[in-house]
Amino acid sequence: MTVIDPDTQANWVPEAEEQDDAEDMPLSMRLSIADTLTLGNATCGFMAVYFTTTGILIPHLTGSDESGMARHSAATAVILMLLAAVFDLFDGLVARKLRSSPMGAELDNLSDLISFGLAPAYFVLVYGMVADDAHQRVSALAAIVVLLAVVLRLARFSCVTLKDGMFQGMPSPFGALTVVSIVLLELPFVPTLLAIIGVAWLMVSRVEYPKPRGVLAVAMLSWIVAAMGLLAAWAFDAPGGQLLLQTGCALQVVLGAVIPLFATARRVNTFRDNRREARATQP
(Lines give C-alpha, C1' and ligand atoms only; values in the text may rest on other atoms or scores of the structure.)
Protein backbone atom coordinates (compact mmCIF):
# COMPACT_ATOMS: atom_id res chain seq x y z
CA MET A 1 0.00 0.00 0.00
CA THR A 2 1.24 3.49 -0.90
CA VAL A 3 1.01 6.16 1.75
CA ILE A 4 0.59 9.78 0.51
CA ASP A 5 1.54 12.61 2.78
CA PRO A 6 -1.23 15.24 2.43
CA ASP A 7 1.21 18.04 3.28
CA THR A 8 3.42 17.26 0.30
CA GLN A 9 0.86 15.92 -2.13
CA ALA A 10 0.35 19.26 -3.87
CA ASN A 11 4.05 19.70 -4.50
CA TRP A 12 4.73 16.13 -5.61
CA VAL A 13 4.75 15.38 -9.34
CA PRO A 14 5.47 11.95 -10.80
CA GLU A 15 8.82 11.62 -12.53
CA ALA A 16 7.22 10.78 -15.84
CA GLU A 17 5.16 13.98 -15.76
CA GLU A 18 8.28 16.01 -14.95
CA GLN A 19 9.98 14.60 -18.03
CA ASP A 20 6.97 15.39 -20.19
CA ASP A 21 6.89 18.96 -18.93
CA ALA A 22 10.62 19.30 -19.55
CA GLU A 23 10.06 18.21 -23.14
CA ASP A 24 7.09 20.52 -23.72
CA MET A 25 8.02 23.77 -21.96
CA PRO A 26 11.37 24.45 -23.68
CA LEU A 27 9.63 24.62 -27.07
CA SER A 28 8.75 28.25 -26.37
CA MET A 29 12.28 28.97 -25.17
CA ARG A 30 14.39 27.29 -27.82
CA LEU A 31 16.25 29.65 -30.12
CA SER A 32 15.71 29.03 -33.80
CA ILE A 33 18.21 29.93 -36.51
CA ALA A 34 16.25 33.13 -37.17
CA ASP A 35 16.44 34.03 -33.47
CA THR A 36 20.22 33.53 -33.50
CA LEU A 37 20.51 35.97 -36.41
CA THR A 38 18.35 38.42 -34.47
CA LEU A 39 20.73 38.19 -31.50
CA GLY A 40 23.58 38.90 -33.91
CA ASN A 41 21.70 42.08 -34.82
CA ALA A 42 21.58 43.15 -31.15
CA THR A 43 25.28 42.33 -30.65
CA CYS A 44 26.29 44.49 -33.61
CA GLY A 45 24.26 47.38 -32.26
CA PHE A 46 25.88 47.14 -28.84
CA MET A 47 29.38 46.94 -30.33
CA ALA A 48 28.62 50.02 -32.47
CA VAL A 49 27.95 51.93 -29.24
CA TYR A 50 31.19 50.52 -27.79
CA PHE A 51 33.36 51.68 -30.71
CA THR A 52 31.65 55.07 -30.78
CA THR A 53 32.52 55.50 -27.11
CA THR A 54 36.05 54.14 -27.01
CA GLY A 55 37.23 55.40 -30.38
CA ILE A 56 35.51 58.77 -30.70
CA LEU A 57 34.13 60.08 -27.41
CA ILE A 58 36.88 59.06 -24.97
CA PRO A 59 39.78 60.32 -27.15
CA HIS A 60 37.92 63.62 -27.52
CA LEU A 61 37.37 63.95 -23.76
CA THR A 62 40.99 63.08 -23.00
CA GLY A 63 42.35 65.52 -25.58
CA SER A 64 43.85 62.92 -27.89
CA ASP A 65 44.81 64.16 -31.37
CA GLU A 66 44.59 60.74 -33.07
CA SER A 67 42.17 61.63 -35.84
CA GLY A 68 42.93 58.36 -37.61
CA MET A 69 41.68 56.39 -34.63
CA ALA A 70 38.44 58.38 -34.60
CA ARG A 71 37.98 57.74 -38.31
CA HIS A 72 38.57 54.01 -37.91
CA SER A 73 36.20 53.81 -34.94
CA ALA A 74 33.48 55.78 -36.70
CA ALA A 75 33.78 53.53 -39.75
CA THR A 76 33.73 50.42 -37.56
CA ALA A 77 30.62 51.63 -35.70
CA VAL A 78 28.75 52.30 -38.95
CA ILE A 79 29.89 49.01 -40.47
CA LEU A 80 28.49 47.25 -37.40
CA MET A 81 25.15 49.00 -37.94
CA LEU A 82 25.26 47.82 -41.55
CA LEU A 83 25.95 44.27 -40.35
CA ALA A 84 23.00 44.60 -38.00
CA ALA A 85 20.86 45.50 -41.02
CA VAL A 86 22.13 42.37 -42.79
CA PHE A 87 21.17 40.23 -39.78
CA ASP A 88 17.79 41.96 -39.68
CA LEU A 89 17.26 41.24 -43.37
CA PHE A 90 18.17 37.58 -43.14
CA ASP A 91 16.38 36.73 -39.89
CA GLY A 92 13.09 37.62 -41.55
CA LEU A 93 13.92 35.57 -44.65
CA VAL A 94 15.01 32.59 -42.55
CA ALA A 95 11.95 32.85 -40.31
CA ARG A 96 9.67 32.68 -43.36
CA LYS A 97 11.55 29.74 -44.88
CA LEU A 98 12.09 27.74 -41.70
CA ARG A 99 10.54 28.86 -38.44
CA SER A 100 10.93 31.24 -35.53
CA SER A 101 10.33 30.66 -31.86
CA PRO A 102 7.27 32.26 -30.18
CA MET A 103 9.55 35.00 -28.85
CA GLY A 104 11.01 35.77 -32.28
CA ALA A 105 8.93 38.92 -32.84
CA GLU A 106 9.84 40.31 -29.41
CA LEU A 107 13.53 39.56 -29.95
CA ASP A 108 13.39 41.31 -33.31
CA ASN A 109 11.87 44.48 -31.86
CA LEU A 110 14.31 44.59 -28.95
CA SER A 111 17.30 44.03 -31.22
CA ASP A 112 16.11 46.69 -33.67
CA LEU A 113 15.76 49.12 -30.78
CA ILE A 114 19.42 48.60 -29.87
CA SER A 115 20.91 48.62 -33.37
CA PHE A 116 18.67 51.13 -35.14
CA GLY A 117 17.46 53.22 -32.20
CA LEU A 118 20.10 53.44 -29.50
CA ALA A 119 23.21 53.11 -31.73
CA PRO A 120 22.37 55.89 -34.25
CA ALA A 121 20.94 58.15 -31.53
CA TYR A 122 24.16 57.74 -29.55
CA PHE A 123 26.14 58.45 -32.73
CA VAL A 124 24.24 61.74 -33.09
CA LEU A 125 24.85 62.55 -29.42
CA VAL A 126 28.60 61.98 -29.71
CA TYR A 127 28.67 64.02 -32.92
CA GLY A 128 27.21 66.92 -30.96
CA MET A 129 30.04 66.59 -28.44
CA VAL A 130 32.99 66.32 -30.81
CA ALA A 131 32.04 68.45 -33.84
CA ASP A 132 33.43 71.98 -33.84
CA ASP A 133 30.24 73.78 -34.89
CA ALA A 134 27.75 71.52 -33.08
CA HIS A 135 25.74 72.37 -29.98
CA GLN A 136 25.81 69.58 -27.43
CA ARG A 137 22.40 70.14 -25.83
CA VAL A 138 20.62 70.58 -29.15
CA SER A 139 22.32 67.44 -30.47
CA ALA A 140 21.20 65.57 -27.36
CA LEU A 141 17.64 66.65 -28.10
CA ALA A 142 17.96 65.46 -31.70
CA ALA A 143 19.32 62.12 -30.46
CA ILE A 144 16.32 61.73 -28.15
CA VAL A 145 13.99 62.49 -31.07
CA VAL A 146 15.64 59.74 -33.14
CA LEU A 147 15.44 57.24 -30.29
CA LEU A 148 11.78 57.98 -29.54
CA ALA A 149 10.89 57.83 -33.24
CA VAL A 150 12.30 54.30 -33.43
CA VAL A 151 10.52 53.31 -30.20
CA LEU A 152 7.18 54.59 -31.52
CA ARG A 153 7.71 53.02 -34.92
CA LEU A 154 8.52 49.59 -33.49
CA ALA A 155 5.56 49.77 -31.10
CA ARG A 156 3.22 50.71 -33.94
CA PHE A 157 4.63 47.92 -36.10
CA SER A 158 3.59 45.42 -33.40
CA CYS A 159 0.04 46.81 -33.19
CA VAL A 160 -0.93 47.85 -36.73
CA THR A 161 -1.73 45.37 -39.48
CA LEU A 162 -0.89 46.58 -42.99
CA LYS A 163 -1.28 45.08 -46.40
CA ASP A 164 1.32 42.49 -47.24
CA GLY A 165 4.60 43.71 -48.67
CA MET A 166 4.49 47.23 -47.21
CA PHE A 167 5.79 49.09 -44.15
CA GLN A 168 4.14 52.17 -42.68
CA GLY A 169 6.84 54.76 -42.09
CA MET A 170 10.50 54.55 -42.98
CA PRO A 171 11.90 51.19 -41.75
CA SER A 172 14.16 51.64 -38.75
CA PRO A 173 17.29 50.11 -40.40
CA PHE A 174 16.91 52.46 -43.37
CA GLY A 175 16.26 55.37 -41.02
CA ALA A 176 19.29 54.59 -38.87
CA LEU A 177 21.62 54.40 -41.87
CA THR A 178 20.19 57.64 -43.23
CA VAL A 179 20.76 59.43 -39.91
CA VAL A 180 24.35 58.20 -39.77
CA SER A 181 24.90 59.21 -43.40
CA ILE A 182 23.70 62.74 -42.62
CA VAL A 183 26.25 62.98 -39.80
CA LEU A 184 29.09 61.62 -41.96
CA LEU A 185 28.37 64.20 -44.68
CA GLU A 186 29.77 66.83 -42.25
CA LEU A 187 27.28 69.50 -43.30
CA PRO A 188 26.79 72.67 -41.22
CA PHE A 189 25.07 72.02 -37.91
CA VAL A 190 21.62 73.47 -38.68
CA PRO A 191 21.06 71.54 -41.96
CA THR A 192 22.34 68.40 -40.25
CA LEU A 193 19.93 68.86 -37.35
CA LEU A 194 16.94 69.55 -39.62
CA ALA A 195 17.72 66.54 -41.80
CA ILE A 196 17.98 64.25 -38.77
CA ILE A 197 14.64 65.46 -37.43
CA GLY A 198 13.14 64.97 -40.91
CA VAL A 199 14.26 61.33 -40.93
CA ALA A 200 12.78 60.83 -37.46
CA TRP A 201 9.48 62.22 -38.72
CA LEU A 202 9.53 59.88 -41.72
CA MET A 203 9.95 56.89 -39.41
CA VAL A 204 6.71 57.71 -37.58
CA SER A 205 4.86 58.92 -40.68
CA ARG A 206 2.24 57.00 -42.65
CA VAL A 207 4.33 56.93 -45.81
CA GLU A 208 4.39 53.40 -47.20
CA TYR A 209 7.71 51.70 -47.91
CA PRO A 210 8.09 48.37 -49.72
CA LYS A 211 9.44 45.43 -47.74
CA PRO A 212 12.85 44.15 -48.93
CA ARG A 213 11.89 40.93 -50.68
CA GLY A 214 13.11 39.31 -53.86
CA VAL A 215 14.96 41.72 -56.15
CA LEU A 216 14.62 44.53 -53.62
CA ALA A 217 16.30 42.42 -50.92
CA VAL A 218 19.19 41.65 -53.28
CA ALA A 219 19.52 45.34 -54.14
CA MET A 220 19.52 46.27 -50.46
CA LEU A 221 22.18 43.67 -49.65
CA SER A 222 24.33 44.87 -52.57
CA TRP A 223 24.02 48.46 -51.39
CA ILE A 224 25.05 47.48 -47.83
CA VAL A 225 28.13 45.65 -49.13
CA ALA A 226 29.05 48.66 -51.29
CA ALA A 227 28.60 50.98 -48.30
CA MET A 228 30.94 48.81 -46.24
CA GLY A 229 33.55 49.12 -48.96
CA LEU A 230 33.19 52.90 -49.01
CA LEU A 231 33.58 53.06 -45.24
CA ALA A 232 36.65 50.84 -45.35
CA ALA A 233 38.25 53.02 -48.04
CA TRP A 234 37.53 56.13 -45.94
CA ALA A 235 38.81 54.53 -42.73
CA PHE A 236 42.15 53.56 -44.27
CA ASP A 237 42.50 56.95 -46.01
CA ALA A 238 42.50 55.44 -49.48
CA PRO A 239 42.88 57.85 -52.44
CA GLY A 240 39.49 59.40 -53.04
CA GLY A 241 38.06 57.64 -49.98
CA GLN A 242 36.56 60.83 -48.54
CA LEU A 243 34.86 61.69 -51.82
CA LEU A 244 33.55 58.15 -52.25
CA LEU A 245 32.14 58.14 -48.72
CA GLN A 246 30.41 61.48 -49.17
CA THR A 247 28.97 60.30 -52.49
CA GLY A 248 27.60 57.17 -50.85
CA CYS A 249 26.17 59.11 -47.92
CA ALA A 250 24.58 61.64 -50.27
CA LEU A 251 22.99 58.81 -52.26
CA GLN A 252 21.58 57.31 -49.05
CA VAL A 253 20.08 60.67 -48.07
CA VAL A 254 18.65 61.21 -51.57
CA LEU A 255 17.02 57.77 -51.47
CA GLY A 256 15.55 58.60 -48.08
CA ALA A 257 14.01 61.76 -49.55
CA VAL A 258 12.92 60.37 -52.93
CA ILE A 259 11.13 57.22 -51.78
CA PRO A 260 8.48 59.20 -49.80
CA LEU A 261 7.91 61.41 -52.86
CA PHE A 262 7.28 58.38 -55.07
CA ALA A 263 5.04 56.84 -52.41
CA THR A 264 3.04 60.08 -52.06
CA ALA A 265 2.71 60.44 -55.83
CA ARG A 266 1.48 56.85 -56.06
CA ARG A 267 -1.13 57.44 -53.37
CA VAL A 268 -2.33 60.62 -55.12
CA ASN A 269 -2.62 58.79 -58.44
CA THR A 270 -4.50 55.94 -56.78
CA PHE A 271 -6.89 58.42 -55.16
CA ARG A 272 -7.53 60.13 -58.50
CA ASP A 273 -8.12 56.80 -60.24
CA ASN A 274 -10.62 55.80 -57.55
CA ARG A 275 -12.47 59.08 -57.94
CA ARG A 276 -12.63 58.67 -61.71
CA GLU A 277 -13.99 55.14 -61.34
CA ALA A 278 -16.56 56.33 -58.83
CA ARG A 279 -17.71 59.08 -61.18
CA ALA A 280 -17.87 56.69 -64.10
CA THR A 281 -20.13 54.31 -62.20
CA GLN A 282 -22.52 57.04 -61.11
CA PRO A 283 -25.77 57.21 -63.14
Side-chain angles (χ1 to χ4, degrees), residues 37-60 69-92 106-131 134 136 139-155 157 169-186 192-193 195-200 202-204 220 223-225 227-228 230-232 234-235 245 248-249 252-253 256:
L37 294 174
T38 303
L39 293 178
N41 172 6
T43 303
C44 288
F46 174 77
M47 293 305 296
V49 173
Y50 169 79
F51 279 100
T52 304
T53 302
T54 59
I56 303 176
L57 180 59
I58 293 179
H60 172 75
M69 178 182 178
R71 187 189 303 115
H72 290 167
S73 298
T76 302
V78 180
I79 287 175
L80 284 165
M81 294 184 212
L82 290 167
L83 282 176
V86 173
F87 281 121
D88 185 61
L89 175 65
F90 278 101
D91 69 359
E106 299 299 330
L107 285 176
D108 189 60
N109 276 348
L110 293 171
S111 298
D112 286 354
L113 179 59
I114 296 172
S115 298
F116 312 125
L118 175 61
Y122 187 72
F123 199 83
V124 171
L125 177 66
V126 173
Y127 153 76
M129 299 178 69
V130 302
Q136 182 174 336
S139 299
L141 181 61
I144 292 173
V145 170
V146 171
L147 179 63
L148 294 182
V150 175
V151 170
L152 292 172
R153 196 208 174 284
L154 293 175
F157 177 76
M170 180 183 285
S172 53
F174 193 86
L177 298 179
T178 305
V179 166
V180 171
S181 297
I182 293 170
V183 174
L184 291 178
L185 278 174
E186 298 182 351
T192 299
L193 180 68
I196 289 173
I197 294 176
V199 173
L202 284 173
M203 284 194 281
V204 297
M220 179 180 175
W223 170 242
I224 289 175
V225 173
M228 289 181 181
L230 295 176
L231 285 163
W234 174 66
L245 178 68
C249 291
Q252 176 73 30
V253 174

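Everything numeric in this text was worked out from a predicted model, so none of it was measured. Position 1 is the first residue of the sequence, and the numbers go up from there.
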What is the distance from atom [atom1] of [X] to atom [atom2] of [Y], rounded to the nearest 0.5 Å?
{"X": "Leu193", "Y": "Leu141", "atom1": "CG", "atom2": "CG", "answer": "8.0 Å"}
{"X": "Thr76", "Y": "Ile56", "atom1": "OG1", "atom2": "CD1", "answer": "9.0 Å"}
{"X": "Asp108", "Y": "Asp91", "atom1": "CG", "atom2": "CG", "answer": "5.0 Å"}
{"X": "Leu82", "Y": "Asp88", "atom1": "CG", "atom2": "CG", "answer": "12.5 Å"}
{"X": "Met47", "Y": "Leu83", "atom1": "CE", "atom2": "CG", "answer": "11.5 Å"}
{"X": "Leu39", "Y": "Ser111", "atom1": "CG", "atom2": "OG", "answer": "6.0 Å"}

Just distance, no hydrogens or angles: give the donor-acceptor pairs under 3.5 Å from side chains in residues 142-155, sequence neighbours left out.
from: Arg153; atom 1: NE; to: Met170; atom 2: O; distance (Å): 2.7
from: Arg153; atom 1: NH2; to: Gly169; atom 2: O; distance (Å): 3.4

Pairwise side-chain contact, [X] with [Y], heavy-atom cut-off 4.5 Å (strictly under):
{"X": "Leu202", "Y": "Thr178", "result": "no"}
{"X": "Leu118", "Y": "Leu113", "result": "no"}
{"X": "Phe174", "Y": "Met220", "result": "no"}
{"X": "Phe46", "Y": "Thr43", "result": "no"}
{"X": "Ile196", "Y": "Val183", "result": "yes"}
{"X": "Val126", "Y": "His60", "result": "no"}

Give the intermediate values and the outcome of side chain to side chain contact (heavy atoms under 4.5 Å, CB included) for residues Val179 and Tyr127.
CA-CA 12 Å; Val179 166; Tyr127 153 76; over 6 Å; no

Which heavy atom of [X] sits nearest to which heavy atom of [Y], and what is that distance?
{"X": "Ser181", "Y": "Val253", "value": "CB-CG2, 4.2 Å"}
{"X": "Ser73", "Y": "Phe51", "value": "CB-O, 3.6 Å"}
{"X": "Leu231", "Y": "Ala75", "value": "O-CB, 3.8 Å"}
{"X": "Gly175", "Y": "Val199", "value": "O-CG1, 3.6 Å"}
{"X": "Val124", "Y": "Ser139", "value": "CG1-O, 3.9 Å"}

Sequence neighbours excluded, the answer for side chain to side chain contact (heavy atoms under 4.5 Å, CB included) partners of Ala48 is Ala77, Leu80, Met81, Ala119

Side-chain donor or acceptor of Thr52 paired with backbone N/O of Phe123 under 3.5 Å:
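The answer is no, because no donor-acceptor pair under 3.5 Å joins these two groups.
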
